[in-house]
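Keep in mind it's a predicted model, so treat the numbers as computed, not measured.
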Amino acid sequence: MAKKQLNEMSFLDHLEELRWLLVRSSAAVVIMATVSYFFADYIFSELIFGPTDPSFITYRFFCDASHYLGFADSICITELNFIIQNTQMEGQVNIFVWICITAGFILAFPYILWEFWKFISPALYEKERKSAKLFIFVASILFFLGVLFGYFVIVPMSVNFLATFSISSVVKNQFSIDSYVSMVKTAVIASGLYFELPIIIYFLTKLGLVGPSFLRKYRKWSIVIILIIAAIVTPPDVVSQITVAVPMFIIYEGCIWISAIVEKNKKKDEQTS
């Protein structure tokens with residue numbers, strides 16, 4: 001049979017499978033978090049607090065771009081005038097644990113995808129189940145690209161904007177470590193998951209919940225939302241806003257294209273069946 005009969009498993013059996021999926025995925029995250037523990041010094045010194053240094057690669061890139069475009073030093077960053085402080089007794093311990101868990105989740109993401117694929121594969125056609133490796137590879141690449149985009153674009157742009165924004169010279173920026181790390185985690189994970197949007201749209205289209213016409217209908221709203229996000233997380237200059245907005249536009253347009261292909265293939269299968 002092309003499709004596995006879903007009624008072979010009861011509702012409780014599906015819940016049991018889901019439970020073990022979560023258990024195995026959590027175990028993978030814990031294992032990767034443990035591995036991250038041994039690289040904690042590098043993770044904190046070079047990665048987490050890297051965007052607080054004016055010589056960070058993103059800042060250098062925008063400065064070079066500023067010179068190339070004839071803007072002189074208009075978007076060059078020479079100083080980030082703020083300090084990060086710990087205000088709770090257990091603050092640094094909590095941050096240490098959660099960063100290791102976050103790193104564990106990022107590293108274990110391909111395995112989590114594999115577990116997810118095994119869970120939904122009984123509801124798929126045989127030819128779709130054979131594309132498991134391609135699904136894991138593409139979804140993992142998209143996630144890691146999103147993580148890199150969040151870290152090298154969203155985080156430094158946010159740090160620069162928030163560190164330089166001031167309502168009065170009386171107020172000095174002294175950010176709590178919890179606030180700073182939370183911003184970094186949110187930007188990185190959210191970007192990684194946003195880059196998974198094509199995969200999500202693929203499955204939603206397969207289920208008939210979303211179609212290209214729906215995505216085209218709300219394209220204008222998506223553009224507005226993307227521009228708002230770009231305006232919030234970037235300094236008030238065109239170069240930074242375009243850098244953030246364009247990849248998000250491309251992802252959304254890619255979703256429309258993928259949805260159209262899936263819908264076309266569904267119609268062909270219905271006609272030949």
Side-chain angles (χ1 to χ4, degrees), residues 2-3 58 61 65 105-106 109-155 157 186-234 238-273:
K3 229 178 193 180
T58 303
F61 170 80
F105 172 77
I106 293 173
F109 192 77
Y111 177 79
I112 295 173
L113 285 174
W114 173 251
E115 288 289 343
F116 173 75
W117 180 267
K118 287 197 300 181
F119 180 72
I120 66 171
S121 61
L124 301 175
Y125 289 101
E126 182 64 28
K127 63 179 181 180
E128 294 170 333
R129 290 201 292 269
K130 290 180 179 179
S131 61
K133 292 181 180 179
L134 179 62
F135 165 76
I136 301 299
F137 176 77
V138 173
S140 297
I141 291 297
L142 286 174
F143 178 76
F144 290 132
L145 285 175
V147 167
L148 293 175
F149 178 75
Y151 178 72
F152 285 107
V153 178
I154 303 295
V155 171
M157 293 297 97
T186 300
V188 168
I189 298 298
S191 295
L193 295 179
Y194 179 79
F195 272 58
E196 291 294 291
L197 191 59
I199 302 296
I200 296 172
I201 293 299
Y202 171 85
F203 283 107
L204 290 179
T205 306
K206 293 287 290 184
L207 294 172
L209 299 177
V210 170
S213 59
F214 174 86
L215 296 174
R216 292 190 186 102
K217 178 181 178 181
Y218 290 98
R219 178 190 275 133
K220 292 181 180 178
W221 288 104
S222 71
I223 292 175
V224 172
I225 293 172
I226 289 173
L227 289 176
I228 291 174
I229 293 173
I232 291 174
V233 302
T234 62
V238 176
V239 176
S240 300
Q241 292 173 2
I242 290 177
T243 302
V244 172
V246 168
M248 299 177 74
F249 283 136
I250 294 174
I251 292 289
Y252 190 85
E253 290 299 319
C255 289
I256 297 176
W257 178 70
I258 290 170
S259 183
I261 292 177
V262 172
E263 191 174 78
K264 182 180 179 181
N265 291 336
K266 282 178 63 179
K267 290 180 180 178
K268 284 184 179 180
D269 292 337
E270 290 173 357
Q271 292 173 355
T272 56
S273 60

How long is the gap from CG on L197 to CE on M248, to the nearest 0.5 Å? 9.5 Å

Which residue pairs pass the salt bridge (Lys or Arg N to Asp or Glu O under 4.0 Å) test when at least one of the two sits in residues 254-264, sequence neighbours left out? none

Nearest heavy atoms of F149 and S191, plus distance in Å: CD2-OG, 4.3 Å

Stepwise side-chain contact (heavy atoms from CB on, under 4.5 Å) check, I106 with I189: CA-CA 8 Å; I106 293 173; I189 298 298; 3.8 Å; yes

As a quick check of understanding, evaluate side-chain contact (heavy atoms from CB on, under 4.5 Å) for Y151 and T58, giving each step before the final call. CA-CA 10 Å; Y151 178 72; T58 303; over 6 Å; no

Look at the rings of F214 and Y218 and say which category their plane angle falls in: under 30° parallel, 30 to 60° tilted, over 60° perpendicular. tilted

Under the ring pair (Phe, Tyr, Trp, His ring centres under 6.0 Å) test, which residues partner Y111, sequence neighbours left out? none

Show me the side-chain donor-acceptor pairs of residues 250-259 shorter than 3.5 Å, one per line, residues at least two apart or across chains.
unit_1	atom_1	unit_2	atom_2	d
Y252	OH	L215	O	2.7
E253	OE1	R219	NH2	3.2
E253	OE2	R219	NE	2.8
S259	OG	T205	OG1	3.0

Any non-hydrogen side-chain atom of F195 less than 4.5 Å from a side-chain atom of V147? no

If you measure from CH2 on W114 to CZ on F109, what distance do you get to the nearest 0.5 Å? 15.0 Å

Would you be so kind as to tabulate the donor-acceptor pairs closer than 3.5 Å made by side chains of residues 136-144, with sequence neighbours excluded?
unit_1	atom_1	unit_2	atom_2	d
S140	OG	I136	O	2.7

Qualifying residues under salt bridge (charged side-chain N to carboxylate O under 4.0 Å, His left out), relative to E115, sequence neighbours excluded: R24, K118

Supply the atom-to-atom distance I154 CD1 to T186 OG1, rounded to the nearest 0.5 angstrom. 12.0 Å

Residues forming a side-chain hydrogen bond (donor to acceptor under 3.5 Å, both in side chains) with Y194, sequence neighbours excluded: none

Measure the CZ-CZ distance between F152 and F61 for me, rounded to the nearest 0.5 Å. 12.5 Å

For A190, the side chain to side chain contact (heavy atoms under 4.5 Å, CB included) test, sequence neighbours excluded, returns none

